[in-house]
There are 2 protein chains.
Amino acid sequence: MYRTHNCGELRISDIGNNVKLSGWVQKIRNKGFLVWIDLRDRYGITQLIINSEKSSKEVIDSVKNVGREFVIQVEGEVIKREAINKNISTGEIEILVSKINVLNPSIIPPFTIEDETDGGEELRMKYRYLDLRRSVLKDNIIFRNDLTFEVRKYLKAQGFIDIETPYLIKSTPEGARDFIVPSRINSGEFYALPQSPQTFKQLLMVSGFDKYVQIVRCFRDEDLRADRQPEFTQIDCEMSFVDQEDVLNTFEGLIQSLFKSCIDFSLEKFDRISYKDAMEFYGSDKPDTRFDMKFLNLSEKAKGNDFKIFDSSESIYGFNIENGESFSRKEFDYYTDWVKRPQIGALGLIWIKHNQDGSVKSSIDKFYSADELKSITNSNPGDLTFIISGDKKKTLTQLGALRIHVAEKLGLRDKNKFKALWVTDFPMFEWDEDSKRYHAMHHPFTSPVDNRIEKDPGATLANAYDLVINGNEIGGGSIRIHDQKLQEEVFSILGFSKKEAFDQFGFLLNAFNYGAPPHGGIAFGLDRLAAVMKGEESIRDYIAFPKNNSGRDVMIDSPSSIDKDQLDDLNIKIK
Amino acid sequence: MYRTHNCGELRISDIGNNVKLSGWVQKIRNKGFLVWIDLRDRYGITQLIINSEKSSKEVIDSVKNVGREFVIQVEGEVIKREAINKNISTGEIEILVSKINVLNPSIIPPFTIEDETDGGEELRMKYRYLDLRRSVLKDNIIFRNDLTFEVRKYLKAQGFIDIETPYLIKSTPEGARDFIVPSRINSGEFYALPQSPQTFKQLLMVSGFDKYVQIVRCFRDEDLRADRQPEFTQIDCEMSFVDQEDVLNTFEGLIQSLFKSCIDFSLEKFDRISYKDAMEFYGSDKPDTRFDMKFLNLSEKAKGNDFKIFDSSESIYGFNIENGESFSRKEFDYYTDWVKRPQIGALGLIWIKHNQDGSVKSSIDKFYSADELKSITNSNPGDLTFIISGDKKKTLTQLGALRIHVAEKLGLRDKNKFKALWVTDFPMFEWDEDSKRYHAMHHPFTSPVDNRIEKDPGATLANAYDLVINGNEIGGGSIRIHDQKLQEEVFSILGFSKKEAFDQFGFLLNAFNYGAPPHGGIAFGLDRLAAVMKGEESIRDYIAFPKNNSGRDVMIDSPSSIDKDQLDDLNIKIK
């Protein structure tokens, strides 16, 4: 037996007992006559002590060869510690070592295994198995495990059935890019890895499994943005005999329960906002609503004072910052430069300061009187107003980015505060200028509101919804089409010929002929949910073995070239 | 709202209530003035009644157009049923329908949606979403869900952490065949889909997660045998600071708990047998031990009576069948023919019948006296002995197959009885005559017993174990190598050059340098475990969307050809 206890469980009540522990050497302090070792495992740290008077020569000799990250096994007596360490659970005791056994030595790690490490990201990715020893990462992975279990427990109690859908499916040209998998047995043919189990979960509804859940890997061969992974995990759900209200209530319950059980936070009832209002008031379809700074549409009010920039703008939008009076000229310059950067692309930034004493300062006070400015901004004394004008869509997006940036700077994006929001009523279709056709904003299986497509497809609203928490899109879903005719109509608007639609999705279209129930669902990004709940925005630290921005696993060095024989066997070759 | 109740929950206590139900039309009986509909959903069946006196004209008219598998929504009053149906949970009530709403019609299904269906397998695979409506399949999928949850619950309580490992990994030439995935971003390079997360779970042990579990999809591009799938699900586990005994005890606990909670069966303490003994006594490394019929090695005893077949055989093995006296000459002929079929390949079958009256009948009584035969077989009155002789390995395998077949015929393979067995002490290496090299019997990361390779690699025993239930291999695992030198030695015996070993498994070999703990684990086939627990041997009916024997999903028609554009984009072409 390697251990009687783990390194996190011994307490004052264990004093006098002989125990066996195994773990990693976190730290050694050698005072000559006394040697202390911090022994670490997943559960904690226990202090070992080797005493030149009380320990055997054998132990004293062995300990000389022990270094950081060695795996050792020790036996000894639990004794009371002189200097109590309140930071660790075992801080009241230590082990007087009577036997020491090196289970496996370690060479010097390429970076320090500590909360604040000296290793750069690339190096830590290469030695991910060592980086995972650091408690920051370890705790994230354990948190994710707990979160996952709570999801399963909650949904099982609600009658959801966990059903596995295939990973080797069929490639479809729709949506983001598929990873494909050549079949050896069926030469010249290919499977695809699922971007989501969408069609399968819909078929399960046709089968009568009216509540489905799967925590499932999804794959997208996209050019990777900073915080995307080619494989990611979804909490994938679907329900039958439901409308939007049922779905939102069910999953509002799930998310509230997760926040309560995993981080002891009571989420308020989720706000709801239409996509149109989200854009109009926050310049984003995933607004951070932990703070206010709602947009004011000044397009009417602010025109007509011979200020050319406003007069020639399609739209003028602004937002008030409470207690923004204290912003300095330097800060105005900073934010002006910030919005003018090419990533944001605004032409400039107008500011209006409404002082506590009622006076007004502004970058446009040549054109407007103080009273005019107060009336335009509807601001309170002490408020600062930022305004951007121009093309409507761009203005809203630019101001949305500024809103977030200002809030960040002002410390309004509080990591310990959470605000959840349903965004609804997305457009069904987006017109794509490049391909001169409509794209599905959600996906082609989303039903239109009232199951009715407007004459102008672009004006049709989808029965779709996103869950946004603290400005992060955590999940999205829709009530699906369950009628073959309507589904064909949508495919046709998306530019599929009838033949193409049946070639690719015939199994689903056919299934709709055999009594498909009304159904809808949602999928949550598990990686992101975990990160957001811990107040972080990067998902990478919540994935045990993530890939880098080029889709590479630098630890195992993958993807990699493969033998010609293997390609021959698959009947393919590299061009 | 589509329903106030599901179709399985209304009881006599609900009588008088107005309810709303949604579901599928299972059956319609039309007596003119009375129409009964069996309304089905996942939870059960509720009888609806439309009464020409009590129901509105509207309802009576609507019901005329309703057919099997239509999805309908009804409102009505719960009333007492005249003829109680004790076979269903709602059998005491029915719904007097006041409103009926067809949510989606159905064309006539290609086969009947009933326990005993008229659909052939290929047709049912094509319309899998309809086949899954049948309660046999539906119950299997729900059983699997319950089983999965119990696995997670039990192992979480034991401190196991569920950690997801990547699906896009690196191809290695070792073991069965990899599916590969071309990378678009990294042109000319490929990922592989994991045959198991073996190396990743070992790295997690190096990281210090000392108890890992993942219910994970695995992929093998093999020529498919009858009951294999190109993708299958494993309960994949690994532990640190354990020896074989710890692993066996932990997972014996898991399996016993699953049998208890999922099918209310108390599994006895698992027997243990070495691989050598399993072959010697049962002619199989996965013996069915629900019944006895252990082999007798007659190689010494039975020789020397001038019976040439025995005298010239390397080995002679037999087994006694209790109460086999009643076997007829016809049955002897049947079993003789059975073992002579090419699939078994025996040259013949010897039988000895030890009658209750002490007399003996045998196919070899020309050569042996009654007493000699009794002494050779050590049989009891009433026993029948079957004997096969020849090359040792073949004889054991042939007799093993016969043993199972006889037991099957005698009804000894009781579906409601379960017997679990650990098979241990497998050989480390198997010599392959074709490639003239050793193969790893388990996998190359398995440690030898005592961490020591014998001078003759073929004589080295592995610290490996299989779990066998009712003659099915349910799981297998081993204590792993955690020492770089030993791992290199094993790779070298397996024919890897040092460079090859490091090219392919450098990340693991390197990890062993940084304090790798002793560790070991096991993986269970979830699909098979579910099937075996339900007394079935085919896994296909425990997978929602299985593939056929050619690795095809006939429902979605995959694998399939893909666009040249897509191949171009991946920089590959079909040869």
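A, B, ... follow the sequence lines: proteins, then strands. Residue 1 opens every chain.
- Neither the backbone nor the side chain of B:L508 comes within contact range of chain A; no heavy atoms are under 4.5 Å apart.
- The existence of a salt bridge linking A:D146 and B:K156 is confirmed by a sub-4.0 Å separation between a basic side-chain nitrogen and an acidic carboxylate oxygen.
- Neither the backbone nor the side chain of A:L147 has a heavy atom closer than 4.5 Å to any heavy atom of chain B.
- In this model, a donor atom of one side chain and an acceptor atom of the other lie less than 3.5 Å apart for A:D210 and B:Y43.
- A salt bridge between B:E189 and A:R552 is present, with a side-chain N of the basic residue lying under 4.0 Å from a carboxylate O of the acidic one.
- Ion pairing between a basic and an acidic side chain is recognised when a charged N comes within 4.0 Å of a carboxylate O; A:K170 and B:D553 show no such pairing.
- Contact count against chain A (heavy-atom pairs under 4.5 Å) is highest for B:L193 among B:I543, B:L193, B:D483.
- The minimum heavy-atom distance linking A:P109 with B:Y514 is given by the pair CA-CE2, 3.7 Å.
- Between A:R144 and B:E164, at least one side-chain nitrogen of the basic residue sits less than 4.0 Å from a carboxylate oxygen of the acidic one, meeting the salt-bridge criterion.
- Using the six-membered ring where Trp is involved, A:F241 and B:W24 have ring planes that are perpendicular, over 60° apart on the 30 and 60° scheme.
- Here the straight-line distance linking atom CG of A:L567 with atom CD1 of B:I572 works out to 8.5 Å at 0.5 Å rounding.
- A tilted orientation is assigned to the rings of A:Y167 and B:F219, their planes being inclined by 30° to 60°.
- Evaluation of the side chain to side chain contact (heavy atoms under 4.5 Å, CB included) rule for B:T4 yields B:M1, B:V19, B:K20 as partners, not counting sequence neighbours.
- The salt bridge (charged side-chain N to carboxylate O under 4.0 Å, His left out) test applied to B:D246 returns no partner, not counting sequence neighbours.
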